[in-house]
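Start at 1 and go down the list; that is how both ligands and their atoms are numbered.
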Amino acid sequence: MAGLVIANWKMHGSTAAVAEFVDQWNRLPPLGHVDTVICPPYPYLAAVADAMTGMVLGAQNCAEADQGAFTGEVSADMLADWGCRYVLVGHSERRSLYGEGDAQVAIKARRVTAAGIKAVVCVGETLDNRESGGHEAVVGRQLQASLAEVPAAELVVAYEPVWAIGTGRVATPEQADGMHAVIRAHLHEQYGDAGNDVPIVYGGSVKPENAAELFQCPNIDGALVGGASLDAGSFWQIASAMGAGRA
Ligand code: 13P
């Protein structure tokens with residue numbers, strides 16, 4: 001499979017920042033052997049969609065409901081209608097700051113795939129979980145609870161250890177690859193051979209400086225990039241490292 005590198009801008013950006021990013025991105029050489037997805041905040045989806053070449057549009061979240069009186073919410077169907085092809089669900093910031101649990105993540109993932117687009121289901125352990133040795137069990141439980149009724153063909157799993165997000169403390173290639181192998185085994189158990197084709201991407205302080213080493217790991221199919229995705233050149237370098245690994 002081609003690599004998959006996803007930009008999660010979180011709540012960053014402005015009209016000027018989008019214009020600058022797009023201008024820089026569109027001047028960079030086209031990439032091979034890697035698919036790139038950009039998830040800007042909702043108000044900038046249109047500007048990015050209109051101006052950007054070679055990138056697929058994604059969103060950072062969606063509603064649990066499909067439509068109705070849910071002020072402030074945006075449904076998966078609306079995002080698909082808008083041209084999004086991926087939606088992040090269960091990001092650790094949604095889980096820890098907004099109290100989203102596995103049951104909500106499961107509903108959102110179902111909504112996204114029912115809309116005919118891909119759910120990027122985010123899982124990952126806290127530092128306490130890892131230090132107590134419970135990290136594999138935690139991630140296993142998150143997968144078990146989140147993936148019911150989500151078809152393998154519409155699924156991406158993002159492994160984002162909470163302790164590596166925005167901290168500059170990247171998981172070692174061995175830590176990341178080891179957990180990806182655990183996730184792959186889970187996917188194979190749930191989906192059979194179709195589970196082997198589900199991309200598993202790593203997120204947590206991915207930068208141009210550490211991307212190549214991570215992407216050499218056999219079980220890492222790409223990255224979910226936060227801070228470094230705000231700069232077109234840095235994001236391009238990360239995606240390029242992925243493409244080089246898959247050439
Ligand atoms: P950072 O790359 O800023 O650590 O963020 C990772 C992340 O949460 C992407 O979803």
Side-chain angles (χ1 to χ4, degrees), residues 3-13 17 21 34-42 44-45 48 55-62 79 84-100 104-105 108-109 112 118-127 129-130 135 138-139 142-143 146 155-173 175-177 179-180 183 199-215 217 220-242:
L4 177 65
V5 179
I6 305 171
N8 175 12
W9 280 9
K10 308 191 179 185
M11 200 172 74
H12 294 287
F21 186 100
V34 60
D35 296 325
T36 47
V37 179
I38 183 164
C39 306
Y42 294 141
Y44 303 119
L45 283 169
V48 169
M55 276 236 219
V56 171
L57 206 57
Q60 299 175 16
N61 184 30
C62 70
L79 293 168
C84 290
R85 291 290 157 257
Y86 292 79
V87 181
L88 310 183
V89 291
H91 190 281
S92 69
E93 287 150 17
R94 304 281 333 157
R95 293 177 189 261
S96 67
L97 301 174
Y98 301 98
E100 281 187 17
Q104 279 167 294
V105 176
K108 290 184 178 194
V112 171
K118 290 185 193 278
V120 182
V121 174
C122 303
V123 296
E125 81 282 1
T126 63
L127 191 56
N129 299 149
R130 180 157 284 268
H135 49 292
V138 165
V139 168
Q142 289 172 335
L143 291 170
S146 314
L155 174 66
V156 175
V157 175
Y159 169 54
E160 296 205 308
V162 177
W163 47 271
I165 295 177
T167 59
R169 180 178 170 184
V170 66
T172 65
Q175 286 172 324
D177 198 56
M179 186 63 91
H180 282 223
I183 294 170
I200 307 173
V201 301
Y202 169 80
S205 297
V206 177
K207 307 267 180 281
E209 299 77 45
N210 57 32
E213 198 184 12
L214 286 165
F215 296 154
C217 299
I220 297 182
D221 301 315
L224 178 53
V225 187
S229 74
L230 295 169
D231 177 76
S234 296
F235 186 66
W236 186 92
Q237 284 181 55
I238 293 167
S240 169
M242 182 77 245

query: Can you list the ligand 1 atoms lying under 4.0 Å from a non-hydrogen atom of S205?
result: 1 (P), 2 (O), 4 (O)
- request: State the atoms of ligand 1, each with its element, that fall below the 4.0 Å cut-off from a heavy-atom position in A164.
  value: 4 (O)
Partners meeting side chain to side chain contact (heavy atoms under 4.5 Å, CB included) with D35 (sequence neighbours left out): A2, L4
- prompt: So which of H180, Q175, Q142 actually passes side-chain contact (heavy atoms from CB on, under 4.5 Å) with Y159?
  reply: H180
task: Answer whether the closest heavy-atom distance between the side chains of Y98 and N61 falls below 4.5 Å.
output: no
- prompt: Do any heavy atoms of G166 fall under 4.0 Å from ligand 1?
  reply: yes
- prompt: Should the ring pair F21 and W9 be called parallel, tilted or perpendicular, given that the plane angle runs from 0 to 90° and is split at 30 and 60?
  reply: perpendicular
task: Please lay out, stage by stage, how W163 and E125 fare under the test side chain to side chain donor-acceptor pair (under 3.5 Å).
output: CA-CA 8 Å; W163 47 271; E125 81 282 1; 2.9 Å; yes
query: Looking only at distance, does K10 have an N or O less than 3.5 Å from an N or O of ligand 1?
result: yes
query: Can you find a non-hydrogen atom of G168 under 4.0 Å from ligand 1?
result: no
query: Quick one: does K207 get a heavy atom under 4.0 Å from ligand 1?
result: no
field: Atoms of ligand 1 close to N8 [distance to a heavy atom under 4.0 angstrom, numbered from 1]
entry: 9 (C), 10 (O)
Nearest-neighbour protein heavy atom for atom 3 (O) of ligand 1, which is reported as residue plus atom name and distance: G227 N, 2.8 Å
- prompt: What atoms in ligand 1 come closer than 4.0 Å to a heavy atom of E160?
  reply: 6 (C), 7 (C), 8 (O), 9 (C), 10 (O)
query: How far is atom 2 (O) of ligand 1 from its nearest protein heavy atom, and which residue and atom is that?
result: G226 N, 2.9 Å
query: Salt-bridged, E100 to R95, with N to O below 4.0 Å?
result: no
message: Do V87 and K118 make a side-chain contact, defined as non-hydrogen atoms from C-beta onward lying under 4.5 Å apart?
response: no
field: Residue pairs, two or more places apart or on separate chains, that pass side chain to side chain donor-acceptor pair (under 3.5 Å) and touch residues 221-240
entry: R184-D221, D221-R246, D231-S234
query: Near G204, which atoms of ligand 1 are under 4.0 Å from a heavy atom of that residue?
result: 4 (O), 6 (C)
message: Please classify the S92 to ligand 1 contact at 4.0 Å (heavy-atom distances, strictly less than): side chain, backbone, both or neither.
response: neither
